[in-house]
Amino acid sequence: MKRECLDIVRDKCEKCRACALGKTRQNMVFSDGNPQSAKVVLIGEAPGEMEDECGRPFVGRAGQLLNSFLEEAGISRDYDLYIVNTVKCRPPENRVPTDEEKSVCRKFLEAQIDIINPRAIILCGATALKSFVETDKKRTISKLRGQWMSITIDGKEYPAMAIFHPSYLLRTHSMEEGSPRRLMQQDLKEIKSRFLYDSDYSAFSSKELVTA
Ligand code: URA
């Protein structure tokens, strides 16, 4: 049932030329993961060159690094997650998608989230964070990552956590306590223990969540 509903959304995305990205893309990048088993939706920024070539999110260098962090945390990319981006088409030169591009694509993202109905959402990187949470100089990804927040999408509340984007982690290699890579490990461990151990799963009470 989920697959059939997602196929309808996919078909609309394939046909979409509502912003300029639809004209320059090679492939529309819809999602990765198993819609039936996924318990958590991970939202990245936008497809890059490799993703545009393959039509799958997070398959380039950043994707490979993400895979290794997921593997180490014991999170299965193929079973536990449903992976999407804020936009479905590659911005030229891998620039950050504009607010307009994100807003044009938002209805498709919201439809995917509604169909998957995840236990929680991971906002991977600053672009995904800013798409759902008010940010400013004091509320940056470095400050907000690792905290459970409550976000509302299409009238429905979801627990959400921001994590660093793997492209950022490609530029920083330290594994010291408190380093970005160590914080990434810590955040994925928290997501795993809170939402991906079936026997332990218990939804948050809304009092436990910071309102975004
Ligand atoms: N970076 C993203 O944010 N998404 C991808 O799909 C690939 C790289």
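Order of listing sets the numbers, starting from 1, for every ligand and every atom in it.
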Residue part near ligand 1, for Glu45, under 4.0 Å between non-hydrogen atoms: both
I want to know whether Phe195 and Trp148 have ring centres closer than 6.0 Å. yes
Using a strict cut-off of 4.0 Å, indicate which atoms of ligand 1 neighbour a heavy atom of Gly44. 3 (O)
Under 4.0 Å, heavy atoms only, figure out whether ligand 1 is touched by the backbone of Ala46, its side chain, both or neither. backbone
For Asp32, is there an ion pair with Arg77 - N to carboxylate O distance below 4.0 angstrom? yes
As a test of understanding, state which of Arg95, Arg106, Arg90 forms a salt bridge (Lys or Arg N to Asp or Glu O under 4.0 Å) with Glu101. Arg95
Considering all heavy atoms, the nearest Phe69-Arg181 contact: CE2-O, 3.6 Å
Proximal atoms of ligand 1 relative to Pro57 (non-hydrogen, under 4.0 Å): 6 (O)
Between Asp11 and Lys15, does the salt bridge (Lys or Arg N to Asp or Glu O under 4.0 Å) criterion hold? Intermediate values first, please. CA-CA 6 Å; Asp11 195 47; Lys15 294 187 179 121; 2.7 Å; yes
Among protein heavy atoms, which lies nearest atom 4 (N) of ligand 1, and at what distance? Asn85 OD1, 2.8 Å
Nitrogen or oxygen of His165 less than 3.5 angstrom from that of ligand 1: yes
